[in-house]
There are 2 protein chains.
Amino acid sequence: MEYKIKSRIWIESNENVLLGEGRVHLLKAIQKTGSLSKAAKSLHISYKKAWQLLDSVNKSAKKPVTINSIGGKGGGGAELTDYGKSLVKAFDEINRNCWAFLDNELKKIESI
Amino acid sequence: MEYKIKSRIWIESNENVLLGEGRVHLLKAIQKTGSLSKAAKSLHISYKKAWQLLDSVNKSAKKPVTINSIGGKGGGGAELTDYGKSLVKAFDEINRNCWAFLDNELKKIESI
DNA sequence: ATTCGCTATATTTGTTAGGATATAACGAAA
DNA sequence: TTTCGTTATATCCTAACAAATATAGCGAAT
């Protein structure tokens, strides 16, 4: 019976959430599928929820994270900007580093 | 307009949550007031919620975190064990260290 | 002009977590 | 043996949140 340490990190921009684990999952799914509705399906969340998340991301970011197009060939779609891709990559890296850091810190409790 | 990084950490013991920020707040309030009901009032949460949290803490921990007494002088009360005090102290320290670590990591995003 | 699949919203329906409330049990002290 | 303020627990109720549903609007291609 061992203790485990878990964490959730997120990034805020003037009191609004920019990125968290759920948002990063969504961005990755958009990158993979090329559309917001397909991304929502693949994550088993409603389109409404996905749209609200993405809207919030784009409103909080300093620069656009996705380009969304309505109508046209295939009805439209959504894709990550270079900035969006960089954000996702950086978030993942920070998250992994944080896990490693905390696993090490946990020893303080196990030794009690 | 700057980005900020936030985090929540918690400690689990075989799939059950042992400690998180809310539970640590509660334990500190118990330490200060000497009773679960007074602690609940001071945190503006219901007694029910406080009791459920504390029950869960004690069920997940390897050793008792509080000693609760029913009846007797003053009706009873609750107090932290030495183990409980150590857990609270260690959790706070890990949490502070995590914040500092993440603040430093955030620079990776600000430089994008 | 019509079709298509998407983005973008509003509205309605369901579900669940928590609050409010009530009450039993307890044991020391007077 | 009565009083007291707790811990401990059950039941009901409501309000916040999420899911489901519906629908408008778009623009390229045929």
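Proteins come first, then strands; the chains are lettered A, B, ... in the order of their sequence lines, and each starts at number 1.
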Sorted by position of nearest nucleotide on DNA chain C, 5' first, the leading residue of A:Gly72 and A:Asp55 is A:Gly72

By nearest-nucleotide position on DNA chain C, the 5'-leaning member of B:Ile70 and A:Lys48 is A:Lys48

[X] [atom1] - [N] [atom2] separation (whole Å):
X: A:Leu54; N: C:dC6; atom1: CG; atom2: P; result: 15 Å
X: B:Tyr47; N: C:dA24; atom1: OH; atom2: P; result: 16 Å
X: A:Leu53; N: C:dT7; atom1: CG; atom2: C1'; result: 15 Å
X: B:Asn68; N: D:dT9; atom1: CG; atom2: C1'; result: 14 Å
X: A:Trp51; N: D:dA18; atom1: CH2; atom2: C1'; result: 16 Å
X: B:Gln52; N: D:dT9; atom1: CD; atom2: C1'; result: 10 Å
X: A:Lys38; N: C:dG5; atom1: NZ; atom2: P; result: 10 Å
X: B:Ile67; N: D:dT7; atom1: CD1; atom2: P; result: 14 Å

Quick note, A:Ser37 side chain, CB onward, closest among D:dT7, C:dC6, C:dA8 is C:dC6

In terms of side-chain heavy atoms of B:Lys49, which of C:dG19, D:dA8, C:dT9 is nearest?
C:dG19

Salt bridge check, [Y] against [X]: does any charged N sit closer than 4.0 Å to a carboxylate O?
X: B:Asp92; Y: B:Arg96; value: no
X: B:Lys4; Y: B:Asp103; value: no
X: A:Glu110; Y: A:Lys107; value: no

Is the phosphate of C:dG19, meaning OP1 or OP2, less than 4.0 Å from a side-chain N or O of B:Ser46?
yes

Can you tell if the side chain of B:Arg23 reaches within under 4.5 Å of the side chain of B:Ser56, non-hydrogen atoms only?
yes

